[in-house]
Structure formats: structure tokens, C-alpha cells
Amino acid sequence: MEVVIRDSQSAVAVEAAGRVIALVQSAPASQLGLATGATQQGIYQLLIDAHRSGVADFSSARYFMLDEYVGIPVSSSTSFQNVLSNDFLRHVQAPDGALEVLDGNAPDLEHETHRFEVALGNAGGVDLQLLGIGTNGHIGFNEPGSSAESRTRVVELHTDTIHSNAHYFESAESVPRCALSQGIGTILEARSILLIATGESKARAIAAMVEGPATEDCPASLLQKHPNVTVIIDTAAASMLRTREKVTTRAQASSG
Ligand code: GLP
């Protein structure tokens, strides 16, 4: 795992967006796995800026959802499909159908998760998967206890996640109890992974992911098994890393 520490949330977004832009510049037909969450918003805005200024063209890329709530209408502001469209895709001329969705309203959810896995496999997998991290170490909606071999499936949300995400809804009671999520095994097949985290609330999960054992108790720690993971975090999210100085020095050296 390469760990890059930046001073601020905006510097994290610049670093992460720069990597996505570089990929799309070199390979416009890249396949990108898209995450949602507040942490991703600054990145998507920078990608839109790059599109508008002609620095990068996102119209030939193909996109795959990471996760989605079950039972939320797509027209709702809390639907991840809606968020990805409004925060990013509709601003960069991504054609209709460029996003492979996980449909949380499909009549047969199990069938929907199989359909998604087949579509992802037929497309040859993703080149770059964007990820955030939950305060309990979840990635996508793979809650603690998710196995390293898990595939896209219906999952139950952990109480921590329901409370962390309650501010997007009227109350914690309105947060769906179930979601669809790419599995950890599915995520581990991405050719590269970019995980972004900011703020002190993520510090414990980041320390467990980077320095703890690879364990289902902290799903993000299972990314240690992947050969090409970059973690971009701010100083607050890095605050519980024991090896922080080492990784900071390494990051400074590599950024010149
Ligand atoms: C949700 C999503 C995750 C995301 C996490 C962190 O639970 N399912 O994919 O990583 O939130 O979101 P935020 O960036 O808002 O902290």
C-alpha cells in the first residue's frame, strides 16, 4: 500500500483527481469504478473542471457503481446512481449507458447482483477503483465480517454505518437497512485502487487498514492483499498512524 499524506482535504482531492486525470489522458477508454460519499465530491468537481478546461475527456470511459442503497428511488438525492450522475457524469458528457448501475430497486436483487458481476466480467474489470472508507473500516458497503472472497451481493448495513449516513436522510430511521455492494473479492480484482479519506473520524479505520492485520474485522485491511493500492489521506485521517513520519517522508520524496 502506498500511503500519501496531504495537508488538507482539498490537497487530497487534487492529488486523487490528478491520478484519475492522468489515467484517462493516457487511456481515454478506461474503466473506472466510482464511489460516493462526501470525500469523493471534491474529486468529482476537479474532474468536471478538467473536462471543462479541455484537460481530460471522460466521454469515452466506462463507469461501474460500487454500491447502492436498496429501495431508494433513483430520483432521490440519496440514491448513489443519482449522486454519480449529478456530481459527475452528466457534467462530463458521459453517454447514456456509460454507467453500469447497481439497481437497488430491481425486482430480484440477487439476480441484479449476478447481472452486475457478469457485466463487469464481460467488460474485463475496472482499471481504477475509487474508494472511501467507513468509520468502521467498511469499503463499499462491505461491513466488518465481510470475507475477502465476497462478491457483489445484498448486504445489511451496520448500525455504525446507518448512524454515519443518517445526515443524508431525515433521520437514522429513514436510512435503508440494506444495500447492494461490490464484494471485497470483486474490488480486489480492480487493476488499481485509490482509497481516499479525510478527517479525524477516519483516523482509527485508516490505522487499522494500513498497520493492523489483514482481517475481516476491518474490511479495508483486506486491501493489503492487493499489489496496487494507493491511499491518499489528510493529516487528520493520518493522525493515528504510528508510521506516519515514515510514510510522509516517502510521499514527500516521491512528489519531488
Ligand atoms: C458510504 C459508502 C462508502 C463510503 C463511505 C464513506 O457508507 N457506501 O462507499 O466510502 O460512505 O463516505 P464519506 O466519504 O461520506 O465519509
Side-chain angles (χ1 to χ4, degrees), residues 6 8-10 12-13 15-17 32-46 63-72 76-84 86-88 99 101-104 113 116 126 128-146 150 152-169 172 174-184 186-188 190 193-206 208-210 218-223 229-234 236-238:
R6 290 289 175 259
S8 62
Q9 203 173 330
S10 54
V12 165
E15 179 74 35
L32 304 177
L34 300 182
T36 51
T39 323
Q40 311 294 328
Q41 282 169 352
I43 300 168
Y44 291 136
Q45 187 53 54
L46 291 169
Y63 304 94
F64 294 84
M65 285 181 72
L66 172 65
D67 51 9
E68 177 63 285
Y69 290 116
V70 166
I72 293 285
S76 158
S77 60
T78 51
S79 145
F80 288 170
Q81 188 178 330
N82 185 331
V83 168
L84 290 174
N86 280 330
D87 284 5
F88 178 41
L99 176 67
V101 302
L102 270 167
D103 180 1
T113 58
F116 180 87
V126 301
L128 176 70
Q129 177 66 54
L130 283 170
L131 291 179
I133 187 170
T135 50
N136 65 359
H138 76 225
I139 47 174
F141 273 131
N142 292 284
E143 300 285 25
S146 300
S150 54
T152 306
R153 65 202 187 291
V154 182
V155 292
E156 261 181 52
L157 300 190
H158 196 281
T159 324
D160 292 347
T161 304
I162 291 170
H163 286 287
S164 297
N165 292 0
H167 63 281
Y168 291 111
F169 293 82
S174 326
V175 181
R177 271 29 188 180
C178 289
L180 306 183
S181 180
Q182 284 193 34
I184 306 225
T186 317
I187 293 169
L188 287 172
I193 294 174
L194 201 52
L195 185 145
I196 325 293
T198 57
E200 221 180 312
S201 65
K202 303 291 172 70
R204 188 177 299 277
I206 289 294
M209 169 181 77
V210 177
C218 173
S221 68
L222 299 170
L223 298 175
V229 177
T230 305
V231 177
I232 305 177
I233 51 180
D234 66 357

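The first residue of the sequence shown is numbered 1, and numbering continues consecutively from there. Note that ligands are numbered from 1 as they come in the structure, with each ligand's atoms numbered from 1 the same way.
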Could I get the full list of side chain to side chain donor-acceptor pair (under 3.5 Å) partners for S10, not counting sequence neighbours?
->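 S8.
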The side chain to side chain donor-acceptor pair (under 3.5 Å) partners of T152 (sequence neighbours excluded) come to E117
Is R204 reaching over with its side chain to a backbone N or O of K202, donor-acceptor style, under 3.5 angstrom?
->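 Looks like no, no N/O pair under 3.5 Å.
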Please say which of D67, I187, L102, T186 ends up in a side chain to side chain contact (heavy atoms under 4.5 Å, CB included) with S181.
->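 Between S181 and the candidates, side chain to side chain contact (heavy atoms under 4.5 Å, CB included) is satisfied uniquely by D67.
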Residue list, ring-ring contact (aromatic ring centres under 6.0 Å, His included) with F64, at least two apart or on another chain | none
For ligand 1, run through the N/O pairs with the protein that fall under 3.5 Å and put one pair on each line.
residue: ligand 1; atom: 7 (O); partner: H138; partner atom: NE2; Å: 2.9
residue: ligand 1; atom: 7 (O); partner: N165; partner atom: ND2; Å: 3.2
residue: ligand 1; atom: 8 (N); partner: D67; partner atom: OD2; Å: 2.7
residue: ligand 1; atom: 8 (N); partner: G140; partner atom: O; Å: 3.2
residue: ligand 1; atom: 9 (O); partner: D67; partner atom: OD2; Å: 3.3
residue: ligand 1; atom: 10 (O); partner: I133; partner atom: N; Å: 3.3
residue: ligand 1; atom: 14 (O); partner: A38; partner atom: N; Å: 3.3
residue: ligand 1; atom: 14 (O); partner: T39; partner atom: N; Å: 3.0
residue: ligand 1; atom: 14 (O); partner: T39; partner atom: OG1; Å: 2.3
residue: ligand 1; atom: 15 (O); partner: A38; partner atom: N; Å: 2.8
residue: ligand 1; atom: 15 (O); partner: Y168; partner atom: OH; Å: 3.4
residue: ligand 1; atom: 16 (O); partner: K202; partner atom: NZ; Å: 2.5

Ring centroid separation F141 to F80 under 6.0 Å |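 Ring-ring flag for F141/F80: true, centres closer than 6.0 Å.
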